[in-house]
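Written below as structure tokens is the structure these notes are about.
Lettering of chains follows the sequences in order, A, B, ..., and the numbering in each one begins at 1.
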Amino acid sequence: MPGEKGQECFSNEAKSSARFGRRSSFRFCWKRSRRWNMITAGTRICRKGGFMRYSEMFLPTGREVPSDAELISHQLMIRAGMMRKLTSGVYSYLPLGYLVIRKFEQIVREEMNRAGAQELFMPMVQPAELWQESGRWVHYGKELLRFRDRHDRECCLGPTHEEVITDLVRNDIKTYRQLPRNLYQIQTKFRDEIRPRFGVMRCREFGMKDAYSFDMDEAGAETSYRKMFDAYQRIFSRCGLRFRPVEADSGSIGGNFSHEFMVMADSGEDAVCYCGGCNYAANLEKAEIARPATKQKKSKNSPMEEVHTPNVRTIDEVCDFLSVSPEDVVKTLIFSADEAAVAILIRGDHEVNEAKVRNFLGCASLELADEEMIRKATGSSRGFAGAVGIRCRILADYSLMEMNDCVMGANREDYHFRHVKPGRDFTIADYADLRIIREFDTCPRCGGEIQFARGIEVGHVFKLGTKYSRAMKAVYLDRNGKEQVMVMGCYGIGIGRTVAAAIEQNHDADGIVWPLPLAPYAVIITPVNVNETGLSDAAEALYRNLSEAGIETILDDRDERAGVKFKDADLIGIPYRVTVGPKRLADGKMEIKNRRTGETTILPVSEVAPFLSARIRESGGTDG
RNA sequence: CGGGGCGUAGCGCAGCCCGGUAGCGCGCCUGCUUUGGGAGCAGGAUGCCGUAGGUUCAAAUCCUACCGCCCCGACCA
């Protein structure tokens, strides 16, 4: 038990404390809990912080870059002994990695609790019935890992917990007096990803903080959403990450509004756009494009003309053949929207954003039409579709509003029209924002210039509305005794992914450079040679001092050469290294090196602990 | 699921074409020397050569099937 007197941990017989490592790491996980405070009440030391002797730690570092790791964070997490792969998309965290995970989880807990959410813990195995009730047993797809138990009952591993939480709440929340509620857990999820990759960044089994809010009405839900949004800002700020909340499409979880929290990194899987002028930011799928204010440009009003374009199908071929630029061509794409043909008109140099089309049409399925549907709608094969005379609904992107002398397919094999004028030669029923935003487009909010960047999605906040509460009858009685449907929100943070993202943003040629709040230890003490008793004793004494000061410290007491220890210290990214060597110690001094800046400070032994305490406090490393 | 690549010592790899003693570097163990940026010397251990069949006097090597891993794509929170 960790409840024994703290002093025992630091017997003067420094080298005999083999048990200390084990006990102290247990302490660490309780460090800010009420129980721990009770346990340690009255003891002078070990109040907080983790301590470790390197020689006793299971910390296998490696020099070689693992051959199957592509991302720098993945490589470093393996090399730094943070994790190991069990099988595709499934990883074990080793002690060092798990320390960091818990550091982050603790920050998440503190901010969730501060925002008024309550922690609970739900099962990973879930019965099919709940998913059938929400409709997702059918719709979720193959990422939902399904299986049968010994009684042949259908089950799944939870990829998310809307069903379970909604079931919990509907059974025990009956009245408006019990609302609002926000419940969260930090728990393992399983999503049977089609292609796991990038280590813990996109894996199948992963830790996630998921929170769910239940409110009486839209206004309440809005408040809950805002609270979570703010909490997320604090969480990622506290970790010292460069991030950006971006507007996002709500995807298949359902609902009507969401923000993604993106940690900015060139290696990120997601493209985001943002405005240099205002704070507008969105993922590419969601990014709006303003309706153009200008009318059609003036032109000489030439009559439409059919031209023979043998085997000229793509935009490039059309441009070459007719000596026009893509901005003068209209692409006509035939989609099958819930089995019905729809023609999407878009400027030749633009790309269709299928999410926007889907949202505009409100259809369940949308895919490019097959050859047969194209022929039916246009009377021609792929590559010659155009709006003139087409036999299906026409939807045009806003960009068409400015075009008036364009080239488009003639719905006839090997023919295109030129000098086509929308409005004169055919009619457009609906204009909408249907294209994918491009870099240097105009910001839909302020008219500034849109820029692109890449990011890693570490958090996502959704307004779910009543999608689940309605399907699963999560209702309450209002003041008037009338039954109302609860309004929900859900809020996720990828735990391991955030840690990996932090490495993507914080590393150099020598290894990881932890931001202090995530660092497994704040300080590493490196006696240059443990066989010189003077050095060893001085290092041990400092280890004791730092521990008493509550500074999380690892003592590199291995009988290794200095170079090896320095390399490992850099690799695992400990923010401060105290080198205990003969040159400085002869003058009663030690050297402190800042991992990030490389800055070294030489101080008398007695000033080392106060100096580190002050630095760490400044950086928000110990208290949060 | 389609395309490509790879499975040989803990890690990184050679050997395979052209069948015949299983190798290199790092790591690991022992000893001596060394000790402020991944030490030197000497000695040593470690392999179902992914699995199963087949061809052959003989298979890491050739053939077939399967399994696993990685990359690209399709797909998707």
**Asked** Base, sugar-phosphate alone, or nothing: which one does A:Arg584 contact when heavy atoms must sit under 4.0 Å apart?
**Response** base
**Request:** Please measure how far the P atom in B:C26 lies from the corresponding atom in B:C41, and state the result in whole Å.
**Result:** 9 Å
**Item:** Salt bridge present between A:Glu222 and A:Lys463 (N-O < 4.0 angstrom)
**Value:** yes
**Message:** Within the 4.0 Å heavy-atom criterion, would you say A:Glu591 contacts the bases, only the backbone, or no part of the nucleic acid?
**Reply:** base
**Request:** Determine, for nucleotides 9-15 of chain B in 5'-to-3' order, which nucleotides have protein heavy atoms under 4.0 Å from the base (write B), from only the sugar-phosphate (write S), or from neither (write -).
**Result:** --BSS--
**Prompt:** Counting side-chain heavy atoms from C-beta on, which of B:C71, B:G38, B:G36 comes nearest to A:Glu70?
**Reply:** B:C71
**Request:** Could you tell me which nucleotide pairs with B:C48 by Watson-Crick or G-U wobble geometry, both distances under 3.5 Å, or answer none if nothing does?
**Result:** none
**Request:** Give a yes-or-no answer on whether the side chains of A:Lys331 and A:His350 include a donor-acceptor pair shorter than 3.5 Å.
**Result:** no
**Request:** Measure across A:Gly141 and A:Arg146 and return the closest heavy-atom pair with its distance rounded to 0.1 Å.
**Result:** O-NH2, 3.0 Å
**Request:** Indicate, with a heavy-atom threshold strictly under 4.0 Å, whether A:Pro159 touches base, sugar-phosphate, or nothing.
**Result:** nothing
**Asked** Under a 3.5 Å cut-off for both distances, is B:A14 Watson-Crick or wobble paired, and to whom?
**Response** none
**Request:** Tell me which nucleotide among B:C76, B:C71, B:C69 gets nearest to the side chain of A:Phe198.
**Result:** B:C71
**Message:** Rounded to whole Å, how long is the line connecting atom CZ of A:Arg84 with atom C1' of B:C69?
**Reply:** 16 Å
**Separation of atom CZ in A:Arg202 from atom P in B:C71, rounded to whole Å** = 12 Å
**Between A:Ser73 and A:Glu504, a side-chain donor and acceptor under 3.5 Å** = yes
**Asked** Quick one: does NZ or CZ of A:Arg577 land under 6.0 Å from the six-membered ring centre of A:Phe566, within 45 degrees of the ring axis?
**Response** yes
**Prompt:** Quick one: the side chain of A:Asp568 and the base of B:G38, do they pair up donor-acceptor inside 3.5 Å?
**Reply:** yes
**Request:** Respond yes when some side-chain nitrogen or oxygen of A:Arg195 is under 4.0 Å from OP1 or OP2 of B:C72, and no when none is.
**Result:** yes
**Asked** Does A:Asp230 come within less than 4.0 Å of A:Arg234, counting only side-chain N to carboxylate O?
**Response** no
**Message:** Do A:Arg558 and A:Arg53 make a side-chain contact, defined as non-hydrogen atoms from C-beta onward lying under 4.5 Å apart?
**Reply:** no
**Item:** P atoms of B:G10 and B:G20, separation to the nearest Å
**Value:** 24 Å
**Message:** Measuring only the C1' atom in each nucleotide, how far is B:U56 from B:U64? A whole number of Å is fine.
**Reply:** 16 Å
**Message:** Partner lookup for B:C32, please. Criteria are Watson-Crick or G-U wobble with both distances under 3.5 angstrom; report none if nothing qualifies.
**Reply:** B:G40
**Between A:Glu285 and A:Asn353, a side-chain donor and acceptor under 3.5 Å** = no
**Asked** When the distance from NZ of A:Lys583 to C1' of B:U35 is rounded to whole Å, what number comes out?
**Response** 11 Å
**Asked** Quantified in whole Å, what is the C1' atom distance between nucleotide B:C29 and nucleotide B:A45?
**Response** 7 Å
**Message:** In whole Å, I'd like the distance from the CD atom of A:Glu560 to the P atom of B:U34.
**Reply:** 18 Å
**Request:** Would you kindly give the NE2-to-C1' distance between A:His74 and B:C69, to the nearest whole Å?
**Result:** 11 Å
**Item:** Touch class at under 4.0 angstrom, heavy-atom based, for A:Thr526 against every strand present
**Value:** nothing
**Asked** What is the distance from CD of A:Glu367 to C1' of B:C76, rounded to the nearest Å?
**Response** 15 Å
**Request:** Would you mind reading off the distance between A:Glu532 atom CD and B:U34 atom P, rounded to a whole angstrom?
**Result:** 12 Å
**Message:** Applying the Watson-Crick and G-U wobble criteria at under 3.5 Å, what pairs with B:G7? Answer none if nothing qualifies.
**Reply:** B:C67
**Asked** A:Lys593 near the nucleic acid: base, sugar-phosphate alone, or nothing, with a heavy-atom cut-off under 4.0 Å?
**Response** base
**Request:** Please state the P separation for the pair B:C71 and B:G12 - nearest whole angstrom.
**Result:** 14 Å
**Distance-only polar pair, side chains of A:Ser381 and A:Arg313, donor-acceptor under 3.5 Å** = yes
**Prompt:** Taking any strand in view, what nucleotide pairs with B:A58 in a Watson-Crick or G-U wobble way, both distances under 3.5 Å?
**Reply:** none
**Request:** Could you tell me whether A:Arg577 contacts a base, only the sugar-phosphate backbone, or nothing, with contacts defined as non-hydrogen atoms closer than 4.0 Å?
**Result:** base
**Request:** Among the candidates B:A39, B:U35, B:C76, find the nucleotide nearest to the side-chain atoms of A:Val564.
**Result:** B:A39
**Message:** Using a heavy-atom cut-off of 4.0 Å across all strands, would you classify A:Lys85 as base, sugar-phosphate, or nothing?
**Reply:** sugar-phosphate
**Prompt:** Which whole-number value in Å describes the distance from A:Arg63 CZ to B:G27 C1'?
**Reply:** 8 Å
**Message:** Checking contacts here: which listed nucleotide (B:A39, B:C72, B:C76) is nearest the side-chain heavy atoms of A:Arg197?
**Reply:** B:C72
**Asked** Does any residue of residues 498-514 of chain A have a heavy atom under 4.0 Å from RNA chain B, and if so, which ones, in number order?
**Response** none
**Set of residues satisfying salt bridge (Lys or Arg N to Asp or Glu O under 4.0 Å) with respect to A:Glu247, sequence neighbours excluded** = A:Arg445
**Request:** Just call it for A:Glu457: base, sugar-phosphate, or nothing, with non-hydrogen atoms closer than 4.0 Å on any strand.
**Result:** base
**Prompt:** For B:C75, which nucleotide is its Watson-Crick or G-U wobble mate, given both distances must be under 3.5 Å?
**Reply:** none
**Prompt:** Can a donor-acceptor pair be found between the side chains of A:Arg136 and A:Tyr468 at a distance below 3.5 Å?
**Reply:** yes
**Asked** If each of A:Arg558 and A:Ser88 is mapped to the nucleotide of RNA chain B with the nearest heavy atom, which maps nearer the 5' terminus, i.e. the 5' end?
**Response** A:Arg558
**Asked** Say you draw a straight line from CG of A:Asp266 to CD1 of A:Ile72; how long is it, rounded to the nearest 0.5 Å?
**Response** 13.0 Å
**Message:** Give me syn or anti for B:U35, where syn covers glycosidic angles within 90 degrees of 0.
**Reply:** anti
